[in-house]
Enquirer: 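The structure that follows is given in the form of structure tokens.
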Amino acid sequence: DGGITQSPKYLFRKEGQNVTLSCEQNLNHDAMYWYRQDPGQGLRLIYYSQIVNDFQKGDIAEGYSVSREKKESFPLTVTSAQKNPTAFYLCASSSRDRGLESPLHFGNGTRLTVT
Amino acid sequence: SQKIEQNSEALNIQEGKTATLTCNYTNYSPAYLQWYRQDPGRGPVFLLLIRENEKEKRKERLKVTFDTTLKQSLFHITASQPADSATYLCALDGSGGYNKLIFGAGTRLAVHP
């Protein structure tokens, strides 16, 4: 079955450490996204990529970095510069078939806890 | 700035009744609006999209309306079932390019037998 795989589901890190969250898709989608979800708030866009080797900052990119070396993969690194890294991180993808109206397909998230 | 508001209080209804969830937005005129369902600990799943020139969209027991004058979308689930219990998110197309959706915080629906 096609879909998006995020790993691991739970991740624990000490403050000051960088951590990389994995996101892989086999939907053959061009665009991929990273969102952050906090209690009581809407999903907030961290980074997005419309094509391989290209990505743009979203609304809350500070303290995060990404790469898009392959169409299938869009890993997110949470650096020590991110002041409040504890959150639920969601990766998504979309096709270009319906242009701007293409729905997002989400993975099942990684819950990161930094202590 | 663009803002989406969904009722933060959970909606509790009896099985078989119609659930109605509200999504209000300000400072923007979106070309379309999407609704997603999210179960605890899982990613959102796309349900429906409605465009600004469409008043209503239906899919099985789901119905979405879009009132651009009131700046509001209503999401209805008819003949609700306990399996419909989840958090429902609305999202509108943000400015600034390709598929940059702005999400509301969601409304949790609990359907009781």
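A note on names: the letters A, B, ... follow the listed sequences, proteins ahead of strands, and every chain is numbered from 1.
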Enquirer: Is atom NZ of A:Lys57 surrounded by more than 12 heavy atoms (other residues, nucleotides or ligands) closer than 6.0 Å?
Expert: no
Enquirer: Establish whether B:Leu47 and B:Ile13 are linked, either directly or via other cluster members, by ILVMFWY side-chain heavy-atom contacts under 4.5 Å.
Expert: yes
Enquirer: Would you say B:Val45 and A:Tyr89 are hydrophobically clustered, going by side-chain heavy atoms of ILVMFWY under 4.5 Å?
Expert: no
Enquirer: Check whether any side-chain heavy atom of B:Leu101 sits under 4.5 Å from a side-chain heavy atom of A:Tyr33, and report yes or no.
Expert: no
Enquirer: Of the backbone (N, CA, C, O) and the side chain (C-beta and beyond), which part of A:Gln37 lies under 4.5 Å from a heavy atom of chain B, both, or neither?
Expert: side chain
Enquirer: Tell me whether the count of non-hydrogen atoms from other residues, nucleotides or ligands lying under 6.0 Å of CZ in B:Arg42 goes above 12.
Expert: no
Enquirer: Looking at every heavy atom in both A:Gly40 and B:Ala105, which two are closest together, and how far apart are they?
Expert: O-CB, 3.5 Å
Enquirer: Between OH of A:Tyr35 and CZ of B:Phe103, what distance do you get to the nearest 0.5 Å?
Expert: 5.0 Å
Enquirer: Counting only heavy atoms not in A:Glu69, do more than 12 fall under 6.0 Å of its CD?
Expert: no
Enquirer: Do A:Leu90 and B:Pro44 come close enough that some side-chain heavy atom pair is under 4.5 Å?
Expert: yes
Enquirer: Do you know which of A:Asp59, A:Ile4, A:Leu43, A:Asp38 has the most heavy-atom pairs with chain B at a distance under 4.5 angstrom?
Expert: A:Leu43
